[in-house]
**Q** 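Before I ask anything, let me first share the structure, which is written out below as structure tokens.
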Amino acid sequence: NAQAGDQFTLGTLPGSITGVVSGNTVTLSGAGTQAQYAAALQQVFFSNTGDNPSAVDRVIEVTVKDASGNDSNTATTTVSVTPVNDAPLGIDNTVTTSAGNAYTVVLADFKYSDAENHALSNVTITSLPGVGSLKLNGVNVTVGQTISVANINAGQLKYTPSGTTTASFGFRVQDVGGTAGGGVNTDPVANTLTINVLASPAAPVVAGTDTLTYTENDAATAVSPTISVSDADNSTLTKATVSIGTGFVTGQDVLSFTND
């Protein structure tokens with residue numbers, strides 16, 4: 001019942017006994033005394049090379065053959081494998097926000113990899129942004145502060161930029177795997193979350209104030225013949241609305257337009 005990552009290795013074999021490891025089987029051969037073969041069998045070692053080994057017990061079977069060709073009974077050794085948690089490994093990341101708007105830091109911003117695919121439990125802040133402010137539920141975050149996944153998922157971790165200056169802060173991730181058996185649940189190395197800040201989009205501007213004199217029975221007259229529209233960072237507009245704000249008379253006043 002070998003599992004992924006299981007392997008046999010051989011130590012020093014006595015006398016003329018030689019050994020071959022082929023997959024999950026070790027074959028010893030060559031003439032030797034009972035004591036030499038017992039010593040040779042004690043030089044067969046088990047290990048697992050995986051970072052997330054199966055905890056299934058392995059049953060190792062041992063048989064020997066004598067010079068007359070007789071096979072022995074089967075002896076067994078049960079190997080109990082205890083997995084231990086491997087530290088998650090954080091990954092630097094960059095996000096983008098607009099000037100003047102607080103950015104809500106989400107859990108997905110804290111990139112990481114983990115051998116056991118454990119979920120994160122906490123994030124520890126290792127350095128603060130040089131500009132702007134990083135707050136948890138409205139209170140300034142401090143270096144070394146541990147922030148729970150629950151707080152992050154509640155939208156409580158926010159960065160407020162200063163102008164359009166790019167900022168960053170350091171973090172270390174912690175997973176739910178625990179530390180039993182010598183496991184490690186926190187990345188020993190800090191990573192960086194960079195926040196690029198873009199200028200806020202400029203709103204379009206409507207310029208021109210007109211006074212329209214309309215006499216009863218006149219033809220339809222342009223409402224704002226001198227009006228102009230501009231937008232500092234967008235050459236395309238998608239909508240315009242014209243309405244009579246005050247003084248509207250139902251059944252008499254009419255706004256109309258002509259398509260080009």
**Q** Is there any ring-ring contact (aromatic ring centres under 6.0 Å, His included) pair reaching into residues 224-257, and which pairs are they, with sequence neighbours excluded?
**A** none
**Q** Check for me, please, whether V123 and V149 land in the same ILVMFWY cluster - side-chain distances under 4.5 Å, paths through other members count.
**A** yes
**Q** What residues, two or more places apart in sequence or in another chain, satisfy salt bridge (Lys or Arg N to Asp or Glu O under 4.0 Å) together with D253?
**A** none
**Q** In chain order, what residues pass the side-chain contact (heavy atoms from CB on, under 4.5 Å) check against S68, with sequence neighbours excluded?
**A** D66, N70
**Q** In Å, rounded to the nearest 0.5 Å, how long is the span from OG of S168 to CG of N196?
**A** 10.0 Å
**Q** Got a sec, which hydrophobics cluster with F46, joining ILVMFWY side chains under 4.5 Å apart, including via others?
**A** F8, L10, L13, I17, V21, V26, L28, Y37, L41, V44, I60, V62, V64, V79, V81
**Q** Residues two or more places apart in sequence or in another chain: which of them pass salt bridge (Lys or Arg N to Asp or Glu O under 4.0 Å) with R172?
**A** none
**Q** With a 4.5 Å limit on heavy-atom distance, are the side chains of Q7 and T49 in contact?
**A** yes
**Q** Tell me, please, which residues at least two apart from D218 pass side-chain contact (heavy atoms from CB on, under 4.5 Å).
**A** Y214, T215
**Q** Closest approach of A31 and S16, non-hydrogen atoms and distance?
**A** O-OG, 2.9 Å
**Q** Is the shortest heavy-atom distance from the side chain of L128 to the side chain of V141 under 4.5 Å?
**A** yes
**Q** Taking salt bridge (Lys or Arg N to Asp or Glu O under 4.0 Å) as the test, write out the residues that go with D109, two or more places apart.
**A** none
**Q** Provide the closest heavy-atom pair for S162 versus G132 in the form atom of the first, atom of the second, distance.
**A** CB-N, 3.7 Å
**Q** For the residue pair T186 and A87, what are the closest heavy atoms and their distance?
**A** O-CB, 3.7 Å
**Q** Whether the side chain of T104 engages the backbone of G155 through a donor-acceptor N/O pair (distance < 3.5 Å, no angle test) should be reported.
**A** no
**Q** If only atom types and distance count, is the side chain of E116 paired as donor or acceptor with the main-chain N or O of D114 below 3.5 Å?
**A** no
**Q** Would you say the side-chain atoms of N185 and D175 include a donor-acceptor pair closer than 3.5 Å?
**A** no
**Q** What residues, two or more places apart in sequence or in another chain, satisfy side-chain contact (heavy atoms from CB on, under 4.5 Å) together with I227?
**A** V206, S224
**Q** Kindly give the heavy-atom pair with the smallest separation between P204 and L237, and that separation in Å.
**A** CB-CD2, 4.1 Å
**Q** Looking at side-chain heavy atoms only, is the closest gap between V223 and D210 below 4.5 Å?
**A** no
**Q** Quick check: closest heavy atoms across A102 and T160, and the distance to 0.1 Å?
**A** CB-OG1, 3.7 Å
**Q** What is the distance from atom CG of D57 to atom CD of Q3, rounded to the nearest 0.5 Å?
**A** 10.0 Å
**Q** Are the side chain of S148 and the backbone of N151 linked by a donor-acceptor contact shorter than 3.5 Å?
**A** yes
**Q** Ignoring hydrogens and angles, state whether a donor on the side chain of T124 or T146 is under 3.5 Å from an acceptor on the partner side chain.
**A** yes
**Q** Of all residues at least two apart in sequence or in a different chain, which pass the ring pair (Phe, Tyr, Trp, His ring centres under 6.0 Å) check with F169?
**A** none
**Q** Between N140 (side chain) and S133 (backbone), is there a donor-acceptor pair under 3.5 Å?
**A** no
**Q** Taking the side chain as every heavy atom from C-beta outward, state whether P129 and I195 have any atom pair closer than 4.5 Å.
**A** no
**Q** Can you measure from CG (N73) to CD (E61) and round to the nearest 0.5 angstrom?
**A** 11.5 Å
**Q** Would you please name every residue forming a salt bridge (Lys or Arg N to Asp or Glu O under 4.0 Å) with K65, sequence neighbours left out?
**A** D71
**Q** Tell me which pairs pass ring-ring contact (aromatic ring centres under 6.0 Å, His included) where either residue lies in residues 91-149, with sequence neighbours left out.
**A** F110-F171
**Q** Between atom CG of N122 and atom CD of Q174, what is the distance when rounded to the nearest 0.5 Å?
**A** 4.5 Å
**Q** Just jot down the side chain to side chain donor-acceptor pair (under 3.5 Å) partners of N48, sequence neighbours excluded, or say none.
**A** D6
**Q** For A190 and T126, work out which heavy atoms get closest and say how close.
**A** CB-OG1, 3.5 Å
**Q** If you round to the nearest 0.5 Å, how far is CG of L157 from CD1 of I152?
**A** 6.0 Å
**Q** Out of L136, L193, V143, I147, which residue meets the side-chain contact (heavy atoms from CB on, under 4.5 Å) rule with I125?
**A** I147
**Q** Are V105 and I91 in one and the same hydrophobic cluster, where Ile, Leu, Val, Met, Phe, Trp and Tyr link if side-chain heavy atoms are under 4.5 Å apart?
**A** no
**Q** Do the side chains of V173 and V106 join up, straight or via other hydrophobic residues, at under 4.5 Å, putting them in one cluster?
**A** no
**Q** Give, for atom OG1 of T9 and atom CD of Q43, the distance between the pair rounded to the nearest 0.5 Å.
**A** 9.5 Å
**Q** Membership question, hydrophobic clusters at under 4.5 Å side-chain separation (ILVMFWY): are L198 and V131 in the same one?
**A** no
